[in-house]
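Naming: A, B, ... by sequence-line order, numbering from 1 per chain.
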2 protein chains.
Amino acid sequence: MKLAEAKEQFIQSWGVLGSQWGINRTMAQVHALLLVASTPLSTDDIMLQLSISRGNANMNVRELMDWNLVNKVIVPGDRKEYFIAEKDIWKVATYIMQQRKKRELDPMVKVLNQLSDVEEDKKDPEVKAFTQAIENIKKFAGQADKTMDMMIKAEENWFWSNFLKLFK
Amino acid sequence: MKLAEAKEQFIQSWGVLGSQWGINRTMAQVHALLLVASTPLSTDDIMLQLSISRGNANMNVRELMDWNLVNKVIVPGDRKEYFIAEKDIWKVATYIMQQRKKRELDPMVKVLNQLSDVEEDKKDPEVKAFTQAIENIKKFAGQADKTMDMMIKAEENWFWSNFLKLFK
DNA sequence: TTTAATTTTCAAAAAGTTTTGAAAATTCAG
DNA sequence: CTGAATTTTCAAAACTTTTTGAAAATTAAA
């Protein structure tokens, strides 16, 4: 396989994977493009390589920066902005987890907490069953929360960083 | 808060969370409805409670069964089919992981493996950088794979089941 | 200051996804 | 078998999300 072909293939697959996990396909493709780029790319480069409009390119690069996955690079003597992706894939994963936890999981946990107090006959098996179901989900969410925090902090944590190396 | 109101709220939020993670909102709502139902529900119950069409209800229940999250229940002397959700939330999580790994992550890993051999000057820094990037992603995917398998098998595994209890 | 390059915005169009509902297929009691 | 109850299918409609592209805003060199 040729390099250009391999890059193309990677970008497509990364896009598909992203869209299956609720990430805009183009955003995932821009991310993939920057991940395998050997130099920083401008908006024009991105437009050209992915055949997308300026607005689309701009929007998705901006969102990738919100996610901390992409950074702006200034090239002296050049008006254009260039972009570069975080290449340490472990960092990429923790940034994504961090953001999704904050944006999506935390609001769900907040709702779950509000649902705990059903102000009705607490002897009613209907009520009991519901409260129990919610409690279980909350307990699980709490665990997942801790696991994520643990992984996010793993790099700064001797025990975990060494422990996880066992699985590499 | 009243029970009915709390259920409603839970169903809505579960639907939103699902759609953020690439799961059809209605499918997530049907799942939520069955999760907090105190008895098995028929297609008509689901249609009525979520205000959706028969086709939609049928389709999403069927897909939830494909995911192993919902099972059919036969009520003797009743022609209708009834449905019940897996209520052990740890099992729910592992089923989902299992399926998504198989359907979405494994195909990505397969593509990554094909991308490893770029038949071009392996001294070219361009080629080297790409190969390195792909290798890193593969290494990470391998880790993630192992972690998932580990969690999926955790229940059958003394060490992990006890270890994970530390975080409850 | 200009002014030209560049980035951002956003309404409208295109594309993609989900839902409906009625017809077809299936099931099963009598 | 027959026929009523139930489930499944799927083309068309509704809805949602993404993309475009040109105009407005911003930036910085001259």
Nucleotide of [options] approaching [X] most closely (side-chain heavy atoms):
X: A/Thr43; options: C/dT8, D/dT19, C/dT7; value: C/dT7
X: A/Asn56; options: C/dT20, D/dT20, D/dT8; value: D/dT20
X: B/Asn24; options: C/dT18, D/dT6, C/dG21; value: C/dT18
X: B/Arg54; options: D/dT7, C/dT19, C/dT7; value: D/dT7

Phosphate-side-chain proximity, B/Asn58 and D/dT7, N/O vs OP1/OP2 below 4.0 Å: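 Checking D/dT7 against B/Asn58, no side-chain N or O comes under 4.0 Å of OP1 or OP2.
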Listed pairs, N/O of protein and of nucleotides 27-29 of chain D, under 3.5 Å:
{"unit_1": "D/dT27", "atom_1": "O2", "unit_2": "A/Arg79", "atom_2": "NH2", "d": "2.6"}

Report the distance from atom [atom1] of [X] to atom [atom2] of [N], rounded to the nearest whole Å.
X: A/Ile46; N: D/dT19; atom1: CD1; atom2: P; value: 14 Å
X: A/Met65; N: C/dT8; atom1: CE; atom2: C1'; value: 12 Å
X: A/Lys72; N: C/dT6; atom1: NZ; atom2: P; value: 14 Å
X: A/Arg62; N: C/dT6; atom1: CZ; atom2: P; value: 15 Å
X: A/Glu63; N: C/dT8; atom1: CD; atom2: C1'; value: 15 Å
X: A/Asp66; N: C/dT8; atom1: CG; atom2: P; value: 11 Å
X: B/Asn60; N: D/dT7; atom1: CG; atom2: P; value: 16 Å
X: A/Gln20; N: C/dG16; atom1: CD; atom2: P; value: 15 Å

B/Met108 side, atom CE; B/Asn113 side, atom CG - distance, nearest 0.5 Å: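 It is 10.5 Å, given to the nearest 0.5 Å.
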B/Trp67 six-ring face occupied by B/Arg100 cation (under 6.0 Å, within 45°):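 Negative - B/Arg100 is either too far from the ring of B/Trp67 or too far off its axis.
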Whether A/Thr94 side chain and A/Lys91 backbone form a donor-acceptor pair below 3.5 Å: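 Side chain of A/Thr94 to backbone of A/Lys91: a pair is present.
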Sugar-phosphate, base or nothing in reach of B/Arg25, heavy atoms under 4.0 Å: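 Since no nucleic acid heavy atom lies under 4.0 Å of B/Arg25, the category is nothing.
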Between [X] and [Y]: side-chain donor-acceptor atoms closer than 3.5 Å:
X: B/Ser116; Y: B/Glu135; value: yes
X: B/Gln9; Y: B/Glu5; value: no
X: B/Asn56; Y: B/Ser53; value: no

Crowding at CE, A/Met59 (>12 non-hydrogen neighbours, <6.0 Å):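 For A/Met59, atom CE is not crowded (no more than 12 foreign heavy atoms under 6.0 Å).
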